Amino acid sequence: MADWKDQLPEAARSYFEGHRLDEVECVISDLPGIARGKAVPASKFAKQAYFHLPDSIFYQTITGDWGEAAGEDGFIERDMILKPDFSTASAAPWTGDWTLQVIHDAYDRDDNPIPFSPRNVLKRVVQLYHDRGWKPVVAPEMEFFLVAPNVDPAQGIKPMMGRSGRPAAARQAYSMTAVDEFGPVIDDIYDFAEHQGFEIDGITQEGGAGQLEINLRHGNPVKLADEVFYFKRLIREAALRHNCFATFMAKPIEDEPGSAMHIHHSIIDMETGQNIFSGPQGGETDAFYNFIAGLQNHLPSGLAVMAPYVNSYRRYVRDHAAPINLEWARDNRTTGIRVPLSGPEARRVENRIAGMDCNPYLGIALSLACGYLGLTQQERPRRQFYGDAYEGDGDIPQVMGNALDLFDEATALHEVLGPEFARVYGIVKRAEYEEFLQVISPWEREHLLLNV
């Protein structure tokens, strides 16, 4: 490990130039997408090739409880071997000292990838594409809200105060004035991203009160998932500097739009370098239609991955800037699957189903897995939709329980994502859902206590 600093990306080396590195945060994503790991002195990190964490971090629910997912041997909490991927090394510029973050990959004692580690799940799906001679390319869009600090869960979430001293306003999509209201937060987001070596394609005001969107440039799915994973922490830290919270909940505020993680996909032939969605004359290919069909046919069964919490399903509301079905159309934002305007080389398919609350590794893996099944099974999509898709019927699960039932039965998806991942994920999310069902809501107390 003596030469480990030579393996760092240029942005990380530049950030620490002329300074003594104090600490290294060794991190890995759990199922919800929370960063787990250890912070160690830089001098110790330089002497270690790996570190250990128990595999039980992947059995934990969002509330900190546990799903009974340990398998036949029982809950013995085996140590995993976590190895650094130095290409992910990134500054943590909000810290008080000079700190580096490094994403790690999880292996067992026989050097096999842990199958339910989210980054390994995405790597597995990408490798299936590579085995076919295809290189998947994605571009995620991140929507989130900047809100007033909320320390009492019994209270509703409210928009943050802008520079003008007034609460952030809704219905101001693409307003530059609205973006200016959050100027100090956005400035820090840009500064942190630059220090971390991330390229932001643009920031816009979305339709919700205090809702913003960040677009990232297209690229390697694992690299882009790493960036979204890092960005969630980066944005939260920037918000905290200015007395507000950043939230990635799918639906944080009643009667406001929800937050999505739209995913754009294209597939490159590794031999020719050509986009397989476009033919020699620039027309749409069978592969283009196969990919769309894969999304239409398999996303309902995988929705529990893209919409992982009960709150996720509150986003799929008619006329609220979120899809309610899996129709596809060209340049139509009312459908769940959209083909944006582009030339043949940039022809791509946009999945508008995924919520911003999903784990980026798993959301991208699931979307690519659906497209992969469509490609390999040469599936055909429904006819292109014309008009307002909100006028049609919904064809995606409306509650978490139904989505989990469909996921448990989706054996074709399980084979692509990994059967052991599917087993663990289903158990953990079911435990989470059952825990939610034990909670009595304010609505129930208000309307049922004295009226039924």
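Index from 1, following the sequence. Here the structure is a predicted model, which means the values were calculated and not measured. Any value given below was found using the heavy atoms of this structure, including those in side chains, with hydrogens, waters and symmetry copies removed.
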Do you know the tightest heavy-atom contact between [X] and [Y]?
{"X": "Cys244", "Y": "Val185", "answer": "SG-CG2, 4.2 Å"}
{"X": "Arg315", "Y": "Ser259", "answer": "CD-O, 3.6 Å"}
{"X": "Leu368", "Y": "Val126", "answer": "CD1-CG2, 4.5 Å"}
{"X": "Arg124", "Y": "Glu415", "answer": "NH2-O, 2.8 Å"}
{"X": "Phe145", "Y": "Pro257", "answer": "CZ-O, 3.3 Å"}
{"X": "Ala287", "Y": "Phe277", "answer": "O-CE2, 3.8 Å"}

Side chain proximity check, [X] to [Y], heavy atoms < 4.5 angstrom:
{"X": "Asp65", "Y": "Glu435", "answer": "yes"}
{"X": "Thr63", "Y": "Phe436", "answer": "no"}
{"X": "Tyr361", "Y": "Ser117", "answer": "no"}
{"X": "Pro54", "Y": "Arg78", "answer": "no"}
{"X": "Pro221", "Y": "Leu122", "answer": "yes"}
{"X": "Leu375", "Y": "Trp134", "answer": "yes"}
{"X": "Leu295", "Y": "Leu326", "answer": "no"}
{"X": "Pro93", "Y": "Gln196", "answer": "yes"}

Between Tyr386 and Gln384, a side-chain donor and acceptor under 3.5 Å: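 Yes, because at least one side-chain N or O of Tyr386 sits under 3.5 Å from a partner of the opposite role on Gln384.
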Distance-only side-chain donor-acceptor flag, Thr335 / Asn325, under 3.5 Å: no
Trace of the side-chain hydrogen bond (donor to acceptor under 3.5 Å, both in side chains) decision for His265 with Arg348: CA-CA 5 Å; His265 319 71; Arg348 60 196 186 276; over 6 Å; no
Less than 4.0 angstrom from a charged side-chain N to a carboxylate O is my criterion; do [X] and [Y] meet it?
{"X": "Arg119", "Y": "Asp226", "value": "yes"}
{"X": "Lys83", "Y": "Asp111", "value": "yes"}
{"X": "Asp105", "Y": "Lys123", "value": "yes"}
{"X": "Glu227", "Y": "Arg217", "value": "no"}
{"X": "Arg380", "Y": "Asp286", "value": "yes"}
{"X": "Asp269", "Y": "Arg132", "value": "no"}
{"X": "Arg109", "Y": "Asp79", "value": "no"}
{"X": "Asp30", "Y": "Arg36", "value": "yes"}

Working for side-chain contact (heavy atoms from CB on, under 4.5 Å), residues Met400 and Lys429: CA-CA 9 Å; Met400 185 73 187; Lys429 300 312 288 187; 4.1 Å; yes
Proximity of Phe192 and Trp94 rings by center, below 6.0 Å: yes
Test of ring centre spacing under 6.0 Å for His447 and Trp443: yes
Above 12 or not: heavy atoms from other molecules or residues under 6.0 Å from [atom1] of [X]?
{"X": "Glu345", "atom1": "CD", "result": "no"}
{"X": "Arg430", "atom1": "CZ", "result": "yes"}
{"X": "Gln377", "atom1": "CD", "result": "yes"}

Roughly how far, to the nearest 0.5 Å, is [atom2] of [Y] from [atom1] of [X]?
{"X": "Phe144", "Y": "Arg236", "atom1": "CZ", "atom2": "CZ", "result": "11.0 Å"}
{"X": "Asn290", "Y": "Leu373", "atom1": "CG", "atom2": "CG", "result": "11.5 Å"}
{"X": "Asp108", "Y": "Asp55", "atom1": "CG", "atom2": "CG", "result": "10.0 Å"}
{"X": "Tyr230", "Y": "Ile103", "atom1": "OH", "atom2": "CD1", "result": "4.0 Å"}
{"X": "Asp110", "Y": "Ile81", "atom1": "CG", "atom2": "CD1", "result": "8.5 Å"}
{"X": "Leu362", "Y": "Leu366", "atom1": "CG", "atom2": "CG", "result": "8.0 Å"}

N/O donor-acceptor pair under 3.5 Å between [X] side chain and [Y] backbone:
{"X": "His104", "Y": "Val102", "answer": "yes"}
{"X": "Tyr390", "Y": "Ala322", "answer": "yes"}
{"X": "Ser56", "Y": "Tyr59", "answer": "no"}
{"X": "Tyr50", "Y": "Tyr107", "answer": "no"}
{"X": "Thr88", "Y": "Asp85", "answer": "yes"}
{"X": "Gln398", "Y": "Ile396", "answer": "yes"}
{"X": "His414", "Y": "Phe407", "answer": "yes"}
{"X": "Lys251", "Y": "Glu256", "answer": "yes"}
{"X": "Thr376", "Y": "Tyr372", "answer": "yes"}
{"X": "Arg318", "Y": "Asp393", "answer": "no"}

Residue pair Asp188, His242: steps toward the side-chain hydrogen bond (donor to acceptor under 3.5 Å, both in side chains) verdict: CA-CA 10 Å; Asp188 276 350; His242 300 280; 2.8 Å; yes
Verdict with reasoning, Asn120 to Ile114, per side-chain contact (heavy atoms from CB on, under 4.5 Å): CA-CA 7 Å; Asn120 287 342; Ile114 298 294; 4.2 Å; yes
side-chain contact (heavy atoms from CB on, under 4.5 Å) partner of Met356, the single match among Lys232, Met249, Glu213: Lys232
Step-by-step side-chain hydrogen bond (donor to acceptor under 3.5 Å, both in side chains) determination, Ser266 to Asn275: CA-CA 7 Å; Ser266 56; Asn275 184 344; 4.7 Å; no
Worked verdict on Arg347 versus Ser278 for side-chain hydrogen bond (donor to acceptor under 3.5 Å, both in side chains): CA-CA 7 Å; Arg347 181 169 283 124; Ser278 298; 2.6 Å; yes
Step-by-step side-chain contact (heavy atoms from CB on, under 4.5 Å) determination, Thr99 to Glu25: CA-CA 7 Å; Thr99 300; Glu25 296 178 346; 3.9 Å; yes
Ile203/Tyr190 under side-chain contact (heavy atoms from CB on, under 4.5 Å): CA gap, chis, key distance, verdict: CA-CA 10 Å; Ile203 294 181; Tyr190 274 125; 3.8 Å; yes
Row check, Phe51 ring normal vs Lys38 NZ/CZ: under 6.0 Å, within 45°: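 No cation-pi geometry.
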